[in-house]
There are 2 protein chains.
Amino acid sequence: MGTKHTGSASEVRALDAYIKLMRAADSVTARVTRALAKHDLTISQFGVLEALLHLGELHQNELGQKLLKSSGNITLVVDNLEKRKLITRERSSEDRRFVWVRLTKTGEAFIKTVFPEIVPVITDSMVVLSPFELEKMAEYLRQVGQRAAGPA
Amino acid sequence: MGTKHTGSASEVRALDAYIKLMRAADSVTARVTRALAKHDLTISQFGVLEALLHLGELHQNELGQKLLKSSGNITLVVDNLEKRKLITRERSSEDRRFVWVRLTKTGEAFIKTVFPEIVPVITDSMVVLSPFELEKMAEYLRQVGQRAAGPA
DNA sequence: GTTAGTTAGTTTAATACTAAGATAATCAGT
DNA sequence: ACTGATTATCTTAGTATTAAACTAACTAAC
């Protein structure tokens, strides 16, 4: 979105912040995507493995909420990880609507090597900010994200 | 990415900011996507029309750089807008590698009604921040985006 | 218990996107 | 002029994503 729009000052500020938000997200995502491609992983697949590593077994439902992806998409992402034997699926016996997703031994070893390789890719994008600035930015983004996630 | 990762303080800060960045971008994008769907527009299509409205005629190349999309994708996006007669294509006579993309009368009228409808969708996501905070966030995001867009 | 409503997951169809390669036009150096 | 490198666009093939429709399983109310 160009800066040529002539609206009120607050409109201009908001639109400018929007552009910067999208560009930053796109650029960081592109970097992470490239780094993950070496391991034949998409960001969503990485997100699933990482969540399982740090949070333990989860339902597909929980994974979908965590990654902000549709249930249909989670089905596919988990399918692909299952084919590579990085995770297992098991239908819950207590409530048969749920499916437990768990890391296999292989999957755990795999994500334990990939994760530390991705961390510096992310941190490097942030080194331009001081600790204080980084925390401020995170807090601002949290508020914006929460607002945007709200109704309408 | 969960908060369970135990790394250095600066790693934790950077990863947390990364999560917040992605969530905010996803949430705002989802809102804008829904608003544009009413007009059968994708975000990329809207981006092209908006750029043409505020910057005038552009080459596909310039559009690709502006929207951070691949040249192949721009071809498709412009194709679809051309089919709806919202833009025209014309190969440059000075340098025949370039293709000029311009708004048609219809396209200009169209984006002039859609744009003011999208602005409040964006600004509403930002109202939780003061003008000062919004400008700070934009500046931080600009720096992060520029860093991430850089080499490797 | 039966019915109605909700929730989890899967399937299907359509779309957007990228990467890689092909084509064509231009430019720089000889 | 000729060669090689660069640039812009288009094409192709493959993947990720969503929305919507569907099945299955649970819950609550009567």
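The figures here come from the full heavy-atom set of this structure, side chains too, leaving out hydrogens, waters and symmetry mates. Residue numbers begin at 1 in each chain, while the letters A, B, ... track the order of the sequences.
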**Request:** Take the protein atom CG of L67(A) and the nucleotide atom C1' of dT17(D), then report the distance between them rounded to whole Å.
**Result:** 13 Å
**Request:** Could you tell me the separation between the CD atom of E94(A) and the P atom of dC26(D), rounded to a whole number of Å?
**Result:** 10 Å
**Request:** Would you tell me if any nitrogen or oxygen in the side chain of R89(B) comes within less than 4.0 Å of OP1 or OP2 on dC10(D)?
**Result:** yes
**Item:** Interatomic distance where CD1 belongs to I87(A) and P belongs to dG9(C) [whole Å]
**Value:** 12 Å
**Request:** Using atom NZ of K38(A) as one end and atom C1' of dA19(C) as the other, report the distance to the nearest whole Å.
**Result:** 15 Å
**Asked** How far does CG of L21(A) sit from CE of M137(A), to the nearest 0.5 angstrom?
**Response** 9.5 Å
**Message:** Within this structure, what is the CD-CG distance for the pair E11(A) and D16(A), rounded to the nearest 0.5 Å?
**Reply:** 13.0 Å
**Request:** Please determine if a side-chain N or O atom of S44(A) lies less than 4.0 Å away from the OP1 or OP2 oxygen of dA16(D).
**Result:** no
**Message:** Quick check on DNA chain C: between S70(B) and S92(B), whose nearest nucleotide comes earlier from the 5' end?
**Reply:** S70(B)
**Item:** Separation of atom CG in N61(A) from atom P in dT6(C), rounded to whole Å
**Value:** 16 Å
**Complete:** Checking dT18(C), dT9(D), dT26(C) against the side chain of S71(B) (C-beta onward), the nearest is dT9(D)
**Item:** Any strand: nucleotide that pairs with dT15(C) via Watson-Crick or wobble, under 3.5 Å
**Value:** dA16(D)
**Fill in**
R96(A) has its side chain closest, among dA25(D), dT17(D), dC10(D), to dA25(D)
**Request:** Rounded off to whole Å, could you give me the CG-to-P distance for the D26(A) and dA16(C) pair?
**Result:** 17 Å
**Asked** Can you tell me if the side-chain N/O atoms of N73(A) get under 4.0 Å from OP1 or OP2 in dA16(D)?
**Response** no
**I74(B) CD1 - dT11(D) P separation (whole Å)** = 15 Å
**Message:** Need to verify one output field. Residue with the more 5' nearest nucleotide on DNA chain D, W100(B) or L41(A)?
**Reply:** W100(B)
**Message:** Nearest 0.5 Å, please: how far is CG in L63(B) from CG in L68(B)?
**Reply:** 12.0 Å
**Request:** Give me the ring orientation class for H39(B) and F110(B): parallel if the planes are under 30° apart, tilted from 30 to 60°, perpendicular past 60°.
**Result:** perpendicular
**Item:** Length of the line joining H59(A):NE2 and dA24(D):P, which is rounded to integer Å
**Value:** 20 Å
**Request:** Answer yes or no: does a side-chain N or O of Q60(B) lie under 4.0 Å from OP1 or OP2 of dC10(D)?
**Result:** yes
**Out of dT9(D), dT17(D), dA8(C), whichever nucleotide has its closest atom nearest the side chain of F98(B)** = dT9(D)
**Item:** DNA chain D: 5'-proximal contact among G72(A) and D95(A) (nearest heavy atom)
**Value:** G72(A)
**Prompt:** Looking across every strand, which nucleic acid part, if any, lies under 4.0 Å from T75(A) by heavy atom: base, sugar-phosphate, or nothing?
**Reply:** base
**Prompt:** Within less than 4.0 Å of OP1 or OP2 of dT18(C), is there a side-chain N or O belonging to K69(B)?
**Reply:** no
**Item:** Minimum-distance nucleotide (side-chain atoms of R97(A) versus dC10(D), dC26(D), dT26(C))
**Value:** dC26(D)
**Request:** Using the six-membered ring wherever Trp is involved, compare the ring planes of W100(A) and H59(A) and label them parallel, tilted or perpendicular (cut-offs 30° and 60°).
**Result:** tilted
**Request:** Output the distance between atom OG (S71(A)) and atom CD (Q65(A)), rounded to the nearest 0.5 Å.
**Result:** 11.0 Å
